[in-house]
Amino acid sequence: MTKKIQRNEIMDKIMSLSKRRGFIFQSSEIYGGMNSCWDYGPLGVELKRNLKNTWWRDVITSRSNVVGMDAGILMHPKVWIASGHVENFHDPLVDCLDCKTRFREDKAPHKFKCTKCKLKFRVEGGKIITNKKFEEAFDDLNASEVGVYFNSDCPNCKTESSIVLDKIGCPNCGSPNLSAPKQFNLMFKTHYGPSEDSASEIYLRPETAQGIFVNFNNVANSMRGKLPFGIGQIGKAFRNEITTGNFIFRSREFEQMEMEFFIKDEENAKWYDYWINERFEWYKKIGIKEENLRLRKHENDELAHYARACTDVEYKFPFGWSELEGIADRRNYDLEQHIKESGKKLSVFDNDTDQHIVPSVIETSAGVDRTMLTILSDAYWEDQANNRVVLSLSPEIAPIKVAVFPLVNRDNMPEIAEKIYDDISKNMAAFYDKAGSIGRRYRRQDEAGTPFALTVDSQTLEDGTVTLRERDSLEQTRVAKDKVVAVLIEKIGK
RNA sequence: GCGGGUGUAGUUCAGUGGUAGAACACCAGCUUCCCAAGCUGGAUAUGAGGGUUCGAUUCCCUUCACCCGCUCCA
């Protein structure tokens, strides 16, 4: 109980800080807001850009065998037929009319019977289970649509509307009193063309990955790709989620950082392990505390049908452990699907075997916004001893690297400080502030996550050194003002 | 979408069927030689729409948003 209250408090504090300091605002706030849509403010956008740049550098440009690309959000409708999203990207949900819980219909055990003949069967996990005597009766029925059996005709004796629910059902209260299942398609539809009636209906992409797969030949040819090689991409994706929430954790418009690493199928285990490790280490590298990170391997029953294996990087959010990134062994499912649908060859020539092969793929799929929330939650702390709120962002991703202050607004200190600020801001994101007491200005920057502050004081007038103050330790050292850029660059470590 | 809770300033909260208040934050000035000090002044709010009423921020209805749960995933 107390735990729950504490959790909410931390999320509330992060949300409030995000707004106060200009990290994240609610979308369209002056019109009452948009359900789980969020905008990034001045500090948020810098943090996000730094995050994406770090990913781009560490996954793409620092590797000789990975390249980037940027596909459009709008794609040919057939892409989503091939990928399986049109057919599979929806959830049939049922409401219990008694206890009001909603659940996926195929997750609840259903038992049906015919009121005339002796037919009884149950539907569990998308499969019809019956005794052998009645097996043939079910040839034409689709086991995944449990709802169709309510009041349906008996497939055995053909009596009309004779099938009733025998036993159910609601995984929560056990009641058989359920609503008809509703289908929720999770893809955003829109019209491609200015006139709605003549325009074709297309989708906003629900993931960035397919933009990579459909460009496989283009990229492989232009970069002369030899296995193994990867293609990465950062971009927006859209899903009409049934439930959203937890601040920016799950929203309908979100940004992904995805990389498809194409390999020979027999090397799948090696590269799968390799990327799990790489990606896990990356989160530590951007400053996330190791004790708040873990890997979770998917059980066989939660794997997508095409996936051989999947492991999530999870973070311990204030609301609990949740997924940040999935590393999946997708075999060559996606390329094969596009080969089938488009009729084009999507393969590379393997010199070892003198054959064209359709490579398998290890996918790393990370959520930008989730990582943002991770960074903010992980960096947030309250320094009781010094009565301050601090975001301990790593210098590399901090929106502002250094703040420059005159200790007091006289004796030429503001002018000297402004000059230092001008020099620094040519090299990195800096911030100049002369308003209020020095302590207040330090506090403001602590909340913004600025790792360093430089203060011009009376000693500066004498010997040309300034105070360098570190955010987390509050330690102060003196640095010659013409060396600050070099010192800072070294401390930021880029 | 369903159930429960909540909407008052930038934030966190008071309060009232009759002029809406505080703290912190913010802005300007003074003061100030290193960690939210002080003084003076200032700007800013009842989520939206409708109803009842002489009068609604308060009561009622609708709607929107946020939080928690169900569920799902990046």
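Convention: sequence-line order gives letters A, B, ...; per-chain numbering from 1.
Looking at which nucleotide of RNA chain B each of E253(A) and S437(A) is closest to, the 5′-most match is held by S437(A). When the nearest nucleotides of RNA chain B are assigned to I438(A) and R370(A) by heavy-atom distance, the more 5′-ward of the two goes with I438(A).
Only the P atoms considered, rA20(B) is 14 Å distant from rA56(B), to the nearest whole Å. Taking atom P on both rA25(B) and rA36(B), the two are 11 Å apart, rounded to the nearest angstrom. Going from the C1' atom of rC27(B) to that of rC35(B) covers 22 Å, rounded to whole Å. Look at the P atom in both rG21(B) and rA37(B): the space between them is 26 Å, to the nearest Å. When the C1' atom is compared between rU8(B) and rG3(B), the two are found 27 Å apart, to the nearest whole Å. Rounded to a whole angstrom, the distance from the P atom of rA23(B) to that of rA43(B) is 16 Å. For the P atoms, the distance from rU44(B) to rG55(B) is 27 Å, rounded to whole Å.
If you measure from atom CD of E258(A) to atom P of rC73(B), you get 15 Å, rounded to the nearest angstrom. Atom CG in N246(A) sits about 12 Å away from atom C1' in rC73(B), given to the nearest Å. Regarding E207(A), its CD atom lies at a distance of 13 Å from the P atom of rC73(B), rounded to whole Å. Taking atom NZ on K19(A) and atom P on rA65(B), their separation rounds to 16 Å, with Å as the unit. In this structure, CG of L474(A) is placed 10 Å from P of rC35(B), rounded to the nearest angstrom. To the nearest angstrom, C1' of rA65(B) lies 14 Å from CZ of F247(A). Rounding to whole angstrom units, CZ of residue R440(A) and C1' of rA37(B) are separated by 9 Å. The CD-C1' distance, from E447(A) to rC24(B), rounds to 11 Å in whole Å.
Comparing rC26(B), rC66(B), rA74(B) by their closest approach to the side chain of Q26(A) singles out rC66(B). Counting only heavy atoms from C-beta on, W38(A) has its side chain closest to rC66(B) among rC34(B), rU11(B), rC66(B). Closest contact between the side chain of S458(A) and the listed nucleotides rC33(B), rC73(B), rC35(B) involves rC33(B).
Between the side chains of Y306(A) and Q337(A), no donor-acceptor pair of N or O atoms lies under 3.5 Å.
Nucleotide rU58(B) forms no Watson-Crick or G-U wobble pair with any nucleotide shown, as no partner meets the under 3.5 Å limit on both distances. Nucleotide rA65(B) has rU6(B) as its partner under the Watson-Crick or G-U criteria, with both atom distances under 3.5 Å. Of the nucleotides present, rA28(B) is the one that pairs with rU40(B) by Watson-Crick or G-U wobble criteria, both distances under 3.5 Å. Of all nucleotides present, only rA22(B) satisfies the Watson-Crick or G-U wobble test against rU12(B), with each distance under 3.5 Å. For rU53(B), there is no paired base (Watson-Crick or G-U wobble, both distances below 3.5 Å). Base pairing of rG1(B) is made with rC70(B), judged by Watson-Crick or G-U wobble geometry with both donor-acceptor distances under 3.5 Å.
At the heavy-atom level, F405(A) lies nowhere under 4.0 Å from the strands shown. Using a 4.0 Å heavy-atom cutoff across all strands shown, R441(A) reaches no nucleic acid atom at all. As judged by a 4.0 angstrom heavy-atom cut-off over every strand, M34(A) is placed among residues touching the sugar-phosphate backbone only. Residue contacts shown for S251(A) include a base, since a base heavy atom lies under 4.0 Å away. When heavy atoms are screened at a 4.0 angstrom cut-off, L17(A) is found touching no nucleic acid atom at all.
Taken to the nearest 0.5 Å, the CD1 atom of I24(A) stands 8.0 Å off from the CG atom of L47(A).
For Y283(A) and Y315(A), the ring centers sit 6.0 Å or farther from each other. For F319(A) and F249(A), the ring centers are positioned less than 6.0 Å apart.
Between the side chain of D457(A) and the base of rC33(B) there is no donor-acceptor pair of N/O atoms closer than 3.5 Å. Taking only distance into account, the side chain of R239(A) meets the base of rA74(B) through a donor-acceptor pair shorter than 3.5 Å. Judged by distance alone, with hydrogens and angles left aside, R388(A) brings no side-chain donor or acceptor close enough to the base of rC35(B) to form a pair under 3.5 Å. The base of rC35(B) has none of its N or O atoms less than 3.5 Å from a complementary donor or acceptor on the side chain of N387(A).
Under the side chain to side chain contact (heavy atoms under 4.5 Å, CB included) test applied with T371(A), the options L376(A), L324(A), I248(A) reduce to a single match, L324(A). Of the residues listed (F247(A), F23(A), F254(A)), the one engaging W38(A) in a ring-ring contact (aromatic ring centres under 6.0 Å, His included) is F247(A), and it is the only one.
Because its NZ or CZ atom is not both nearer than 6.0 Å to the ring centre of W321(A) and within 45° of the ring axis, R296(A) does not count as a cation-pi partner of that residue.
We find that the ring of Y31(A) and the base of rA48(B) do not stack by the test of centres under 5.5 angstrom and planes tilted less than 30°.
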Task: Derivation and outcome, side-chain contact (heavy atoms from CB on, under 4.5 Å), residues L17(A) and E447(A) - done: CA-CA 8 Å; L17(A) 172 70; E447(A) 279 199 347; 3.7 Å; yes
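Contact annotation: R469(A) side-chain N/O to rC34(B) OP1/OP2 distance is not under 4.0 Å.
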